[in-house]
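Here is how names work: the chains are called A, B, and so on, in the same order as the sequence lines, proteins then strands, and each is numbered from 1. Side-chain atoms are counted along with the backbone in the values below, which use heavy atoms only and exclude waters and symmetry mates.
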Amino acid sequence: MEREYHVCTGCALLCDDIELREEENKTIIDSACRKGVAWIKNCQHPLECTVDAKDATSQDAIEKAAEILKSAKNPLIFGMGNSSLKAQEKAIELAKKSNACIDDTSSFCQGPFVEAILNDKIKSCTLDEVRDKADVIVYWGCDPSNSHPRHLSKYSYFPRGRMRQRGWEEDRTAIAIDVRKSDTAIICEDNFYRIPPKADAEFARALTEALSGKVPKVTFGMKPKEILELANVLKKAEFGVIFAGLGLVYSMHDLSPMEDLLEALNKKTDFHLMPMVGQYNMRGFNHTLFDQTGYINRVSFDGEDIGHGPQYSVVEVLKEKRVDAALIIGSDPLSSLPGSIAANLKEIPTIVIDPCKTFTSQIANVTIPSAVTGVECKGEAIRMDGVKVELTQMRKSDKMADADIIEKIMEAI
Amino acid sequence: MGFDQFLSSPEMEILIITHRDIFQSAANSDSRFSDDYANLTAIIRLDKQDMKKAGLKEGNLVTIENSAGKVVVKALQSTYEEPHPGTAYMVNGPWVNALVSAETSGTGVPAFKYIEAKMKKSKESSITSFE
C-alpha cells in the first residue's frame, strides 16, 4: 500500500512527513514533534458558535458578525497566521469591503526581516538548500529546539544533506548567539556566544568590522580574539545561514547592522538569513498582502488611498482606540499582546474565528468555530522559507474552513 | 543602605527575559484553560542567589509589578548552570505580557523581551487568573 504523508501546520516548518495510523481504536501520529502532535489532535475546549455568549447557529453568528462589521466605521481585521492562503485572500477582500485596518502578528515579530527579503534587501534561501548545502549555521536570538522542534533534525544541523554527507559530526558548524544558554545553544557547545540583552546590533557591527580587517570592539567584555575567530568561521563558510529569532528582531531599532553584516559576508562567501517565523502561514499573509498592496502588514483600506505604517499596526490602533470593532482570525491577542493594550478589545464589538477557545474568544461578542487547516480541511500555505506547500486533510470534520466563514460574512454584508 | 535588608522577603528589582518552551507550546495548543498550561506559563525562573536574597523557596508565589501591570506567579530556581543575578526568565504568555509596557514610541512593537519589574514574595494564595 502506498504510504500517505501529511503536512503538520503546528509551526511554519510545515513538516511534510507526518503519517497517521490506527492502533487499538486510537490514531497514532507518526513523525510529528510534541508541539505538532498537540496541534493535530483535538484541543480540549473546541470553540462553540455563540452570539453574546449564548449558543447560536452558524447562520445567526455569521449574520451578527456581518452586522458588526457593516455598522463599524473603522474595524480591525487581525490574525490569519494560522489560516490558509485562500482565507487570507478572503480576509484582505473583506478588509477592502469594510474599510478596515488589516494586520497580523508579523507586525510585532518577524515583519521587518520578511519585508527586507521581499524587497531584496536581504539574501535568503530555502530550507532544502540549508539541508543540502549549509556548512555554517548560526542560530541568532532563536531557540528552534523549543520553537520549531524538528528544525535541527530535519533541515539545519543533523541531516546528511546532498553536499553534507558527513553530517553534523564533520560537515557542519552550528553557532548560537543569545542572551541565555538555550537548549539550542547547548547543542552548539563551544560555539555559543553569550551577549547581553540589547547588544545584538553592537555585536553584528563588531563582526562586520572583523570581516573588514579591523580590530572589533564591544562594550560588554568579549575579547576581540573571540570575535575575530567567529568572523573567521563565518567567512570560511561555503554556504552559510543565519536563522534570525525574535531575540534579534526585538533588540534592534532597524535592520541596518544585519544588512551590513550580510553584505560584508557576501563579499567573501555565500551567506543567507532566514527569519524564524512562528505561525504556520504568517509568511503567506505577508506575501499575499505584499502582492496586492506592496506592504506586508499594517494596512488601512479606510480612504481612497491605501494607508500603511506603524499607526495602522494592531498595537497602535488598539492602544489609541482608533478601531470600533474587531475580527480576530486564528489568533489570541489577549494572550499575545501586552495586557493593557489587548484589554481595549473588551470595549469594542469583537468577533473570533478559531478552532479552539482562547482568552480572546471568552470576551468576544460573536464566536465562530473553524476547521484546523491541514488537519480538518485542506489548503495551501507558505513555509517559513517562502516555499508554497499543499496541505491535505487528515480527518473528517463538519466544521467550516475559515475561508468559507469569511466568504459567508462577506455575502451577508 | 535600605530598609529592605531587615526584611525576610525584601522587594527586588529584576529584568525579565521571555523565551519559548516546547512543553508549554504543546499545552497551549491543548487547552489555554488547563492547569498544565498555567503550571508551565505562570512561572518565573530565578537565579539561585536571587531566590535566597528574596527569601524564596522553590514554588513560592511572587508578586511582580511595574507600571504596566501586576501578576502573581510561581517562583522556581533556574536550571542554568551559569549564574544570572538580576535576570529572570519567563515563558511567553498572558502572565508576562501583563507586565509588557504599552509604550512603543509609536513603532507598533512593544518590548516583549526586556521587562523591568519589582518582585517580592506574595501574600496571595494563588496565581493570577485570566479566565
Side-chain angles (χ1 to χ4, degrees), chain A residues 10-11 33-45 103 107-109 111-112 141-143 145-147 149 179-183 194 197-198 245-247 249-251 253 278 298 309-317 319 332 334-342 356-359 362, chain B residues 15-34 36-37 41 45 66-71 78-82 84 86-89 91-116 128-131:
Chain A
C11 77
C33 67
R34 173 179 283 266
K35 198 174 158 177
V37 169
W39 178 262
I40 293 165
K41 70 186 182 75
N42 285 317
C43 57
Q44 269 191 51
H45 304 288
D103 201 11
S107 178
F108 52 89
C109 68
C142 66
D143 180 18
S145 298
N146 281 287
S147 61
V179 298
R180 64 185 189 102
K181 198 169 186 177
S182 66
D183 288 332
R194 186 173 188 161
K198 292 187 176 177
L246 290 177
V249 182
Y250 289 150
S251 79
H253 294 297
R298 302 172 165 190
Q311 68 273 30
Y312 300 117
S313 66
V314 61
V315 165
E316 302 300 333
V317 296
K319 190 170 77 186
D332 188 13
L334 253 74
S335 167
S336 59
L337 283 183
S340 61
I341 296 175
C356 302
K357 270 188 191 163
T358 64
F359 292 121
Q362 297 288 86
Chain B
L15 169 66
I16 304 167
I17 305 276
T18 58
H19 64 99
R20 310 278 160 167
D21 173 73
I22 179 175
F23 295 94
Q24 187 256 7
S25 293
N28 181 51
S29 287
D30 185 44
S31 169
R32 240 152 275 188
F33 307 99
S34 63
D36 203 17
Y37 177 70
T41 316
R45 292 198 178 268
N66 61 14
S67 57
K70 181 178 172 181
V71 285
S78 160
T79 50
Y80 294 110
E81 284 170 18
E82 285 173 44
H84 51 86
T87 303
Y89 302 111
V91 178
N92 186 44
W95 284 272
V96 72
N97 282 339
L99 300 167
V100 176
S101 171
E103 174 48 42
T104 61
S105 304
T107 61
V109 187
F112 284 109
K113 279 185 172 279
Y114 193 94
I115 303 151
E116 289 165 310
T128 306
S129 169
F130 287 96
E131 286 178 40

**Message:** Using heavy-atom distances under 4.5 Å, tell me whether B/F130 contacts chain A through its side chain, its backbone, both, or neither.
**Reply:** both
**Asked** What part of A/L246 is in contact with chain B, defined as an atom under 4.5 angstrom from a non-hydrogen atom: side chain, backbone, both or neither?
**Response** both
**Request:** Examine whether an atom of A/K319 lies under 4.5 Å from a heavy atom of chain B, and if so say whether it belongs to the side chain, the backbone or both; otherwise answer neither.
**Result:** side chain
**Complete:** Whatever's closer than 4.5 Å to a heavy atom in chain B on A/V179 counts as both
**Message:** Between A/Y250 and chain B, with a heavy-atom cut-off of 4.5 Å, which part of the residue counts as in contact: side chain, backbone, both or neither?
**Reply:** side chain
**Request:** Would you mind checking which part of B/T104 comes under 4.5 Å of any heavy atom in chain A, side chain (CB onward), backbone (N, CA, C, O), both or neither?
**Result:** both
**Item:** Contacting region of A/S340 [heavy-atom separation from chain B under 4.5 Å]
**Value:** side chain
**Best-contacting candidate, B/R32, B/E82, B/H84, against chain A by heavy atom pairs under 4.5 angstrom** = B/R32
**Asked** So which part of B/N92 gets closer than 4.5 Å to some heavy atom of chain A, the side chain, the backbone, both or neither?
**Response** neither
**Request:** Could you tell me which of A/D332, A/N42, A/D183, A/V314 has the largest number of non-hydrogen atom pairs under 4.5 Å with chain B?
**Result:** A/D332
**Item:** chain A contact via B/Y89 - which portion, at a heavy-atom distance below 4.5 Å
**Value:** side chain
**Prompt:** What part of B/L15 is in contact with chain A, defined as an atom under 4.5 angstrom from a non-hydrogen atom: side chain, backbone, both or neither?
**Reply:** side chain
**Request:** May I ask you to establish whether A/K357 and B/F33 are in a cation-pi arrangement, using a distance under 6.0 Å from NZ or CZ to the six-membered ring centre and at most 45° from the ring axis?
**Result:** no
**chain A contact via B/T41 - which portion, at a heavy-atom distance below 4.5 Å** = neither
